[in-house]
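First the structure, in the form of C-alpha cells, and then the observations on it.
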Amino acid sequence: MQKVNPLLLRDLKAFSGIELPVLETMLATSKSAFYAKGETFFREGEVAARFFVMLDGFLHVVRTTPAGEQVIMRHFGTGEIFGMAPAIGRDTYPATSVAISDCVALSWPMKYWQEFCEITPQFQKNALSAVGERLQGSQDRIVEMATERVENRVAKALVRLVEQAGKPTPQGTLIDVAVTRQDIAEMTGTTLHTVSRIFSAWSSKGIVEVGRKKIEVLSSSRLSDIAGEQV
DNA sequence: CCATTAAAGGATT
DNA sequence: AATCCTTTAATGG
C-alpha cells in the first residue's frame, strides 16, 4: 500500500479547509485500498465498521426491497465521504455501496469519527454540509418521482450523470462509466424497456448516441429542455 | 403514458 | 456455450 500525499487531500471536498498537519495525522490511521469494479464496500444492515473517502472512481448506493427490486439511490465520486453512519446517528450502514468503476478509497475505523470531529471542527462541518446536500437531493428526487413523467426523470438522471462523470468528446459528452438501461431504470423508478425506448427515440433525434453500456450526450441543451419540461 | 410479457439477436466472457 | 444487454412488438391498465 503506497503512501498517499496529504497535499492531494487538500483539494478533496471531504477535507477542504483542513490544515496540512492535521491531514497528516488523519492519514496516519487511514487505509488506502483498491476496489475492483463490482466489488462491494459495505452492505445494507451491516454494522458500520469503517467510513470512507473516495480518492478515485465511482460507486453507487443501492437499496433492495423485500421483493428483490433494486433502487439506485445515488452515486459518489472522487473527494466524497461515504459510509459515515455516525454522522446520521446510526451504527449500521443504511444501504449497500458498490464500485461501478475501479476505485481507490481511503477508510478509517469508525472510532476515528469522533476523534476527527474533535481534532478539527472543519471536518465535522464538511460532513454536516455533505449530509445537508444529500438530504436536499433526496427531497428533490421525491418531488421528481411524484410529479414528473418518466421521460423527464430519465433526462434529469442523465444530466446528473453528465455532471458527475461526463467526459468531453469531439461530438459531445460521454458518460465515462458503464451504465446499463437497467441501471437507469433503477435510478428513475421505471423499467429497462421504457428506458430503451426513450433512448431509441432520443438517438433518432440526434440528442444522444447510445450503445451497450455507453451513453454519449450530443445535445446537452435539448436534453436539459426535456429534463426541464413539466407536465 | 407506461408496465408487462414475450421473443429474439448481438455482445461479452 | 452460457450469460448479459438491448431492442422491438403486442397487450392492457
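Quick note: numbers below take in every heavy atom, side chains included, and nothing from hydrogens, waters or symmetry partners. Throughout, a chain's letter reflects where its sequence line sits, starting with A, and its residues are numbered from 1.
Put simply, CH2 on A:Trp202 is 16 Å from C1' on C:dT6, counting in whole angstrom units. In this structure, the NE2 atom of A:His193 is 19 Å from the P atom of C:dG13, given to the nearest Å. Whole-Å rounding puts the A:Leu192 CG to C:dT8 P distance at 13 Å. Here the C1' atom of nucleotide C:dC4 and the NZ atom of A:Lys214 are 19 Å apart, to the nearest Å.
The residue among A:Arg153 and A:Lys213 whose nearest nucleotide of DNA chain B lies closer to the 5′ end is A:Arg153. Nearer to the 5' terminus of DNA chain C, by closest-nucleotide assignment, is the contact made by A:Thr180 (compared with the other of A:Arg197 and A:Thr180).
A distance below 6.0 Å separates the ring centres of A:Phe41 and A:Phe52.
Remark: A:Thr120 engages A:Ile18, A:Val22, A:Gln122, A:Phe123 in a side chain to side chain contact (heavy atoms under 4.5 Å, CB included) (not counting sequence neighbours).
Here A:Lys205 contributes atom NZ and A:Ser219 contributes atom OG; the two are 11.5 Å apart, rounded to the nearest 0.5 Å. In this structure, the separation between CD1 on A:Ile175 and CG on A:Leu161 is 5.0 Å, given to the nearest 0.5 Å. Taking OG1 of A:Thr64 as the reference point, atom CZ of A:Arg43 lies at 9.5 Å (rounded to 0.5 Å).
The pair A:Arg74-A:Glu186 does not count as a salt bridge, with every side-chain nitrogen at least 4.0 angstrom from each carboxylate oxygen.
Nucleic acid contact for A:Arg181: sugar-phosphate only, since backbone atoms but no base atoms lie under 4.0 Å from a heavy atom of the residue. Residue contacts for A:Ser196: at a heavy-atom cut-off of 4.0 Å it reaches a base atom on one of the strands shown.
Checking A:Glu148, A:Arg141, A:Met187 one by one against A:Lys156, the side chain to side chain contact (heavy atoms under 4.5 Å, CB included) holds for a single residue, A:Glu148. Only one option out of A:Trp108, A:Tyr112, A:Phe82 pairs with A:Phe51 in a ring pair (Phe, Tyr, Trp, His ring centres under 6.0 Å); it is A:Trp108.
Listed for the A:Thr173 side chain is no donor-acceptor partner under 3.5 Å among the backbone atoms of A:Pro168.
If you walk DNA chain B from 5' to 3' and mark each nucleotide with an atom closer than 4.0 Å to a heavy atom of chain A, the marks span B:dC1 to B:dT12.
Helix-axis bend for the helix from B:dC1-C:dG13 to B:dT13-C:dA1: the local axis fitted to the five terminal pairs at one end deviates from that at the other end by 20°, rounded to 10°.
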